[in-house]
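Just below is one structure, and these are the notes that go with it.
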Protein chains: 2
Amino acid sequence: MTSNPLAKHKLTILYGVSLALLLFLLKWLELKLMIVNHAYEAYIGAVAIFFTTLGIWISLKLTKPKTVFVEKAVYINQSPGFTINQTELDKLGLSKRELEVLQLMAEGLSNQEISERLFVSLNTIKTHSAKLFEKMEVKRRTQAVEMAKRLCIIP
Amino acid sequence: MTSNPLAKHKLTILYGVSLALLLFLLKWLELKLMIVNHAYEAYIGAVAIFFTTLGIWISLKLTKPKTVFVEKAVYINQSPGFTINQTELDKLGLSKRELEVLQLMAEGLSNQEISERLFVSLNTIKTHSAKLFEKMEVKRRTQAVEMAKRLCIIP
DNA sequence: ACCGGGCTCATACTTTAGGATGATTTTGAA
DNA sequence: TTCAAAATCATCCTAAAGTATGAGCCCGGT
């Protein structure tokens, strides 16, 4: 998202600093325990436990969540209380005017009638409908209407 | 799944045995390196690297995959409990074939496609559709489909 | 056997829809 | 302000839809 190079490598820098601090801690521990030589095994154990934990933590942080797509069938009851499916509408990326044309198409109007209704020329409606079909990936107005109704874009 | 208590803790036991073997290895390495005291830091480093790797491996093995459930709606056009309005259908006086053509029209098929679907010629479909429009008192196929849906003649 | 309706198909024609492309203006967001 | 998308309109052309009319075939009812 942010193009800031510092922010981009924030995590890497953090890891580096953490490791540096860790090395200091280890050195200190080492010197301290050198005196009490009996605690040598304990030192090794502590190192082992610490790095095991570190490894676990790192992998937990770095593993990307595995996404599982679950298809869920949804029956749409469109007659009582129709609400337009904004999600599907956005997915198609239709413009305001294109949607208007689509709605009038669904009412069974011809391009000529639509152009008169919207006070624009017939050619404009043709352009709109062409872009409409392209976006909806259909070939005919009847298909567009059928699809729009199935996706609950129009009542 | 299996109710066998041994199998149930097979993984735990395996880890335990592995750790025991590991401790032996460490002890051996320790003794070996004690002679060459200069390699002490290298030993610590090896332990650190090994246990980091071990930690990563363990967490990768043990963590359940993080699943992100994405609901993907599959829209089913046939609303459950659609009943054709026989009264309105009779009122129109459509023949069996004309109704078939109307249904395929509603699916967005062209006359050509309908003719191929019904194994008849394009001209036949044109004749049917013309009679259809006359009986339904509409001018275009889009109007016919809109009317048919509104009258619950087709889903 | 005869008749009518449904189904089929054909020809000829007009209208509408749709595709491809280019241009201009408006407008909304960065 | 500047830039991209949206909206507008045009021309040229092809494909599809729709109209009109006529004709042959089959099936069920009278």
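Each of C/dT8, D/dA17, D/dA7 was ranked by its minimum atom distance to the side chain of B/V120; first place goes to C/dT8. Of the candidates C/dA10, C/dA17, D/dT19, the closest approach to any side-chain atom of B/S121 belongs to C/dA10. The side chain of B/F133 approaches D/dG18 more closely than any other nucleotide in the set C/dT8, C/dA17, D/dG18.
Put simply, B/T124 has a side-chain N or O that comes within less than 4.0 Å of OP1 or OP2 on C/dC9. Contact annotation: A/S95 reaches the phosphate of D/dA7 (side-chain N/O to OP1 or OP2, under 4.0 Å). Neither OP1 nor OP2 of D/dG18 sits under 4.0 Å from any side-chain N or O of B/R140. Side-chain N/O atoms of B/H128 include none lying less than 4.0 angstrom from OP1 or OP2 on C/dC7.
Among the heavy atoms of the strands, none lies under 4.0 Å from A/K131. Within 4.0 Å (heavy atoms only), A/T127 reaches at least one base atom of the nucleic acid. Counting non-hydrogen atoms under 4.0 angstrom, B/N111 reaches the backbone sugars and phosphates but no base.
The two residues B/I114 and B/V101 have their closest heavy-atom pair at CD1-O, 4.1 Å.
There is a side-chain donor-acceptor pair under 3.5 Å between A/Q112 and A/E116. If you check the side chains of B/T127 and B/T124, you find no donor sitting under 3.5 Å from an acceptor.
Considering CE of B/M136 and CD of B/Q143, their distance stands at 10.0 Å, rounded to 0.5 Å.
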